Visitor: 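Dropping the structure in here first, questions after.
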Number of protein chains: 2
Amino acid sequence: MSTGTTGREQPEAAPQASERHLRADAQRNRERILEAATALMATHGIDVPIDEIARLAQVGVGTVYRNFPTKGALFEALLMARIAPLVAAARSAATADDPGDAFVTFVRQVSDEFADFRALADAMAESGVDLSATKQHISGDLIVAVEELLRRAQEAGRVRPDVTISDVSAMMAGLSHADPSFMDPPQRQRCVALVCDSLLVGARSVLPQSDLAPSSSIRG
Amino acid sequence: MSTGTTGREQPEAAPQASERHLRADAQRNRERILEAATALMATHGIDVPIDEIARLAQVGVGTVYRNFPTKGALFEALLMARIAPLVAAARSAATADDPGDAFVTFVRQVSDEFADFRALADAMAESGVDLSATKQHISGDLIVAVEELLRRAQEAGRVRPDVTISDVSAMMAGLSHADPSFMDPPQRQRCVALVCDSLLVGARSVLPQSDLAPSSSIRG
DNA sequence: TGACAAACGGAACCATCGTTCCGTATAGTA
DNA sequence: TACTATACGGAACGATGGTTCCGTTTGTCA
C-alpha cells in the first residue's frame, strides 16, 4: 500500500488507476461493486458485510477482494469520493460574495451528505480511529478548506469570532447523528438551523416545521 | 464521576433474582459483575465483551448469565441506573426558581453523563433500536420530565418558544458524540455552551478555553 | 459434620464476518 | 479454434463474541 506515492488514486470508478489493461468483465465487475457498495453503505453504513455487497453486485467475494485489498480500502474509496465534492464546495464557498450565507449553505450541504450516505456519518462519528494516510490527507484538505471558509465568514462579521475550527468540526460531528433512521428530514433541517444559529452572530432562524414534532409549545 | 447529583445506584435487573434469597457468594458476585460492567462500559461503551466483564469481576461467564439472561439485559440494567438520576434532575430542575438556568444546568448534566458513561452515549446514538419495554418506559419518563422542564423554561421566556422537545432530544443526541476519546473536556463544554446558545433566547455564552483549540480564530 | 440445592467456572457451541485459497471459467489473441 | 493470462466464484479458514451446558464446588442448614 505504501508504494508508488504517485497519489493519483481516483476512487470513483478509477479507470486510469489501472495502468494495465483491465479485462472487460473485470472492468464491469469493478463498477458493479462500487455501485452496490455505495447503495448499501448509504443506508446501512460501514457495518454492511462484504458478502452482501458481493451478492448485490452479483459477484463473488473474491472479486471484491481482487479490487480492494480490505474492506477498509473499499470503504475509504467510497468515502473519498464523497469528501472530494465537499472540499470543492468549501473552497468555492470561501470565495463567495457573502461568506456568512455560504457558511450556512455549506453546513447544510454536509448534513445532507451525512443523510444521503450513512457511512460518512459513521466515519465522522468514529473520528480519529484507524484513519489511513490517504484518508487523513483528504480530510486534512477538508479541514483546511473549512478553516478558510470559517475565517472569511468571521471576517465578514457573520460568524462569532470566538468560534474555532474545532467547534465547527465538533458541531458537525454532532449533526452526523441526524441520520434518517430516526430523524425525519424536517427535523434534521431544524437541527442544522439551530447549529448555525449557535455559530452565527445574532442569528435566529425560522425553524422549518417538522412532521414528527407537533409544536404544542407555549405559543398562544 | 462528576455527575454526582444523587450518588445512589439502583442495581435492579433480574426481578425474580432479587426476590428470592441469594446465597452470600451469589450476592457478592452479582455486585462485582455490576461494578465491573459499569467500569468497562463507562470507558468502552456497549462493545465490551462479556468475557472481559467476567474477568474483571473475577467470575466465569456463566455467572454473568445467571444474573442477566442476555448482554442486553445487563446493559439495560446499567443504563437504567444512569437514567434514573437524570429523570430526578430534570424533575427538580423543572421546579427551580430560574427554569432557564436550570435548563442549561440540566443540559450540561446530561453531557457530563455521556462523558462519564460512554454506554449511555451509545444508547443515545442508536436511538430507537431494540429498546425493551422497560427501557422505553424509563426513557419515556425522561422525555416527560424534560418536556416539563422545557415548557417551564419557555414560559419564563428563557428558551426559544419555537423549540420543541424533539429539537432538544436531537441536540442532546448530537452532544452524545462528544465522548472523551476525541474531545477534551473544555471542548465538550464549548459544545454544550453552543447548543444552549442555540436554544436560549438571546444567549451568547462566553466559551470556555479549550486545550486543543487555541483561540487565534481570526488569526492574529 | 453431612447432605443437598444453589451457584460456580469455563470449555464448547454457534453465528457472524473479514479474508484467503484454489479449481474453474473466460476474454483476448494468434 | 486453441492457448493462456486474467479473472471468477464461493467454500473454507480464523478470529471474535454471545450463549449454553455440565461436571464441580460451596454456602446453608439440620
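Within every chain, numbering begins at 1; the chains are lettered A, B, ... in the order of the sequence lines, protein sequences first and strands thereafter. Keep in mind that this is a model prediction, so the values were computed, not measured.
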Visitor: For I50(B) and dT16(D), give me the distance from atom CD1 to atom P, rounded to whole Å.
Guide: 17 Å

Visitor: Distance check needed: dG18(C) P versus L40(A) CG, whole Å only.
Guide: 12 Å

Visitor: Nearest whole angstrom, please: distance from the P of dA7(D) to the CD1 of I33(A).
Guide: 12 Å

Visitor: Tell me, for nucleotides 23-30 of chain C in 5' to 3' order, what letter each nucleotide earns: B for a base near a protein heavy atom under 4.0 Å, S for only sugar-phosphate near one, - for neither?
Guide: ---BSS--

Visitor: What is the separation between atom CD1 on I53(B) and atom C1' on dT19(D), rounded to the nearest whole Å?
Guide: 14 Å

Visitor: Ignoring backbone atoms, test whether T63(A) places a side-chain nitrogen or oxygen under 4.0 Å from the OP1 or OP2 oxygen of dG9(D).
Guide: yes

Visitor: Is N29(A) close enough to dC8(D) that one of its side-chain N or O atoms is under 4.0 Å from OP1 or OP2 there?
Guide: yes

Visitor: Step by step, work out the salt bridge (Lys or Arg N to Asp or Glu O under 4.0 Å) result for R82(B) and E113(B).
Guide: CA-CA 8 Å; R82(B) 292 290 169 154; E113(B) 196 59 27; 2.8 Å; yes

Visitor: Just how far, in rounded Å, is C1' of dG18(C) from CE of M41(A)?
Guide: 12 Å

Visitor: When the distance from CZ of R32(A) to C1' of dA7(D) is rounded to whole Å, what number comes out?
Guide: 14 Å

Visitor: Please state how far atom OH in Y65(A) lies from atom C1' in dG9(D), giving the value in whole angstrom units.
Guide: 15 Å

Visitor: Looking at every strand, decide which applies to Q58(B) at a 4.0 Å heavy-atom threshold: base, sugar-phosphate, or nothing.
Guide: sugar-phosphate

